[in-house]
Enquirer: 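Supplied in structure tokens, the structure appears directly below.
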Amino acid sequence: QVQLVESGGGLVQAGGSLRLACEASGRPFSDYALGWFGQAPGKEREFVAVIGGSGGTTYYADSVKGRFTISRDNAKNTVYLQMNSLRPEDTAVYYCAAALKVSIISRKYDYWGQGTQVTVTS
């Protein structure tokens with residue numbers, strides 16, 4: 001069992017930055033790939049980024065490449081999403097999720113956080 005708690009969301013103007021954090025507890029943190037997904041109002045949850053257990057593997061959605069960076073600190077049981085050059089279309093609830101293998105598919109993830117709201121104004 002893994003518990004995930006996100007933080008760091010908020011309101012920011014277009015072009016600004018935010019850093020999301022997700023702290024995990026439960027099973028050994030490095031056993032899991034950690035992903036970030038975003039869900040905008042009225043839309044399905046979409047893949048944003050994922051990082052492998054050791055941190056050596058990362059994948060990003062095309063829409064965030066070059067703007068967002070995912071990283072993890074296994075000593076702190078925390079994964080981060082640095083979000084730069086934010087756009088109004090990045091507005092969503094962002095969820096952290098854990099899976100035993102790296103995946104961009106949400107149904108492959110076994111554990112989810114409660115989400116944190118990111119709102120980008122124009």
Side-chain angles (χ1 to χ4, degrees):
Q1 192 78 5
V2 176
Q3 294 80 42
L4 302 168
V5 179
E6 301 98 333
S7 61
L11 180 68
V12 64
Q13 288 188 330
S17 299
L18 283 173
R19 188 174 82 153
L20 306 184
C22 174
E23 186 171 359
S25 60
R27 286 186 57 175
F29 187 64
S30 59
D31 285 354
Y32 289 89
L34 276 296
W36 287 97
F37 292 79
Q39 186 165 20
K43 295 188 177 181
E44 293 186 354
R45 197 170 296 186
E46 295 183 343
F47 167 75
V48 174
V50 61
I51 187 166
S54 65
T57 301
T58 58
Y59 294 105
Y60 295 91
D62 288 344
S63 60
V64 306
K65 281 181 182 176
R67 300 189 299 122
F68 291 9
T69 302
I70 190 170
S71 62
R72 65 190 294 162
D73 185 338
N74 285 349
K76 294 183 178 180
N77 286 2
T78 302
V79 61
Y80 304 96
L81 185 68
Q82 179 66 44
M83 311 167 77
N84 297 331
S85 302
L86 282 161
R87 305 167 179 168
E89 53 265 38
D90 295 321
T91 295
V93 177
Y94 285 78
Y95 296 90
C96 170
L100 288 175
K101 293 185 179 181
V102 169
S103 176
I104 66 170
I105 301 172
S106 60
R107 67 176 181 271
K108 298 292 187 179
Y109 286 76
D110 300 308
Y111 304 102
W112 292 83
Q114 82 289 351
T116 186
Q117 177 71 47
V118 171
T119 302
V120 185
T121 60
S122 58

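When a residue number appears, it is its place in the shown sequence, counting from 1. Everything numeric here is computed off the predicted structure, so don't read it as measured data.
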Enquirer: Is there side-chain contact between N84 and F68, with heavy atoms separated by less than 4.5 Å?
Expert: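 A side-chain contact is absent here, since even the closest heavy-atom pair is not under 4.5 Å.
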Enquirer: For residues 49-97, which residue pairs qualify under disulfide (SG to SG under 2.5 Å), counting only residues two or more places apart or in two chains?
Expert: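 Counting only pairs at least two positions apart or across chains, the disulfide (SG to SG under 2.5 Å) contacts touching residues 49-97 are C22-C96.
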Enquirer: What closest approach, in Å, do A33 and Y109 show between heavy atoms, and which atom pair accounts for it?
Expert: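 Closest pair (atom of A33, atom of Y109, distance): O-CE2, 4.3 Å.
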Enquirer: Under 4.5 Å between side-chain heavy atoms, hopping through other hydrophobics if needed: is there a path connecting L18 to L4?
Expert: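 Result: yes, single cluster for both.
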Enquirer: What's the spacing between E23 CD and T78 OG1 if we round to 0.5 Å?
Expert: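 It comes to 4.5 Å.
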Enquirer: Taking atom OG of S63 and atom CD of E46, what is their separation to the nearest 0.5 Å?
Expert: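 S63 atom OG to E46 atom CD measures 7.0 Å (nearest 0.5 Å).
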Enquirer: Taking a hydrophobic cluster as the set of Ile, Leu, Val, Met, Phe, Trp and Tyr residues connected by side-chain heavy atoms closer than 4.5 Å, whether directly or through intermediates, do I51 and M83 fall within one such cluster?
Expert: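 As far as the 4.5 Å side-chain criterion goes, M83 and I51 are connected within one cluster.
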Enquirer: Under 3.5 Å, is there a donor-acceptor pair between the side chain of N74 and the main chain of G53?
Expert: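 Present.
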Enquirer: When hydrophobic residues are tied together by side-chain contacts of less than 4.5 Å, even through go-betweens, does V12 share a cluster with L20?
Expert: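 Shared cluster, yes.
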Enquirer: For the hydrophobic clusters of this structure (ILVMFWY residues joined by side-chain heavy atoms under 4.5 Å, transitively), does one cluster hold both Y94 and F37?
Expert: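 No; tracing contacts between hydrophobic side chains, which count when under 4.5 Å, never links both residues.
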Enquirer: Quick one: CG on L86 to CD on Q13, what's the gap to the nearest 0.5 Å?
Expert: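 Here the interatomic distance stands at 11.5 Å.
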Enquirer: Can you give me the closest heavy-atom contact between A14 and P88, atom names plus distance?
Expert: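 Reported closest heavy-atom pair: CB-CD, 4.1 Å.
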Enquirer: Would you say Y60 and V50 are hydrophobically clustered, going by side-chain heavy atoms of ILVMFWY under 4.5 Å?
Expert: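 No, no single cluster joins them.
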Enquirer: Does R45 use its side chain to pair, donor to acceptor, with the backbone of Y95 at less than 3.5 Å?
Expert: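 Here the side-chain-to-backbone pair does not exist.
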Enquirer: Do D31 and V2 come within less than 4.5 Å of each other through their side chains, counting heavy atoms only?
Expert: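 Result no, sub-4.5 Å side-chain heavy-atom pair not found.
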Enquirer: Of the non-hydrogen atoms in A99 and K108, which two are nearest, and what is the gap between them?
Expert: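 For A99 and K108, the tightest heavy-atom pair comes out as CB-O, 3.5 Å.
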Enquirer: So which heavy atom on F29 is nearest to which on V79, and how close?
Expert: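 Distance-wise, the nearest heavy atoms are CZ-N, 4.0 Å.
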Enquirer: Test side chain to side chain contact (heavy atoms under 4.5 Å, CB included) on T91 and Q117 and set out the steps.
Expert: CA-CA 8 Å; T91 295; Q117 177 71 47; 4.0 Å; yes
Enquirer: Donor-acceptor pair, R87 side chain versus V120 backbone, under 3.5 Å?
Expert: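 No, because the side chain of R87 does not come within donor-acceptor range (under 3.5 Å) of the backbone of V120.
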Enquirer: Could you go through the side chain to side chain contact (heavy atoms under 4.5 Å, CB included) check for Y111 and Q1 one step at a time?
Expert: CA-CA 8 Å; Y111 304 102; Q1 192 78 5; 3.8 Å; yes
Enquirer: Taking all non-hydrogen atoms of both residues into account, name the closest pair between V48 and G38 and its distance.
Expert: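 Closest pair (atom of V48, atom of G38, distance): CG2-N, 3.5 Å.
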Enquirer: Yes or no on side chain to side chain contact (heavy atoms under 4.5 Å, CB included) for L11 and T121, after CA distance, side-chain angles and deciding distance?
Expert: CA-CA 7 Å; L11 180 68; T121 60; 3.6 Å; yes
Enquirer: Please check this pair: side chain of E6 against backbone of Q114, looking for a donor-acceptor N/O pair closer than 3.5 Å.
Expert: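 Checked: pair present.
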Enquirer: Under the ring-ring contact (aromatic ring centres under 6.0 Å, His included) criterion, do Y59 and F47 qualify, and how do the steps go?
Expert: CA-CA 10 Å; Y59 294 105; F47 167 75; 7.9 Å; no
Enquirer: At their closest point, which heavy atom of R72 faces which heavy atom of G52, and how far apart are they?
Expert: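 For R72 versus G52, the nearest heavy atoms are NH1-O, 2.8 Å.
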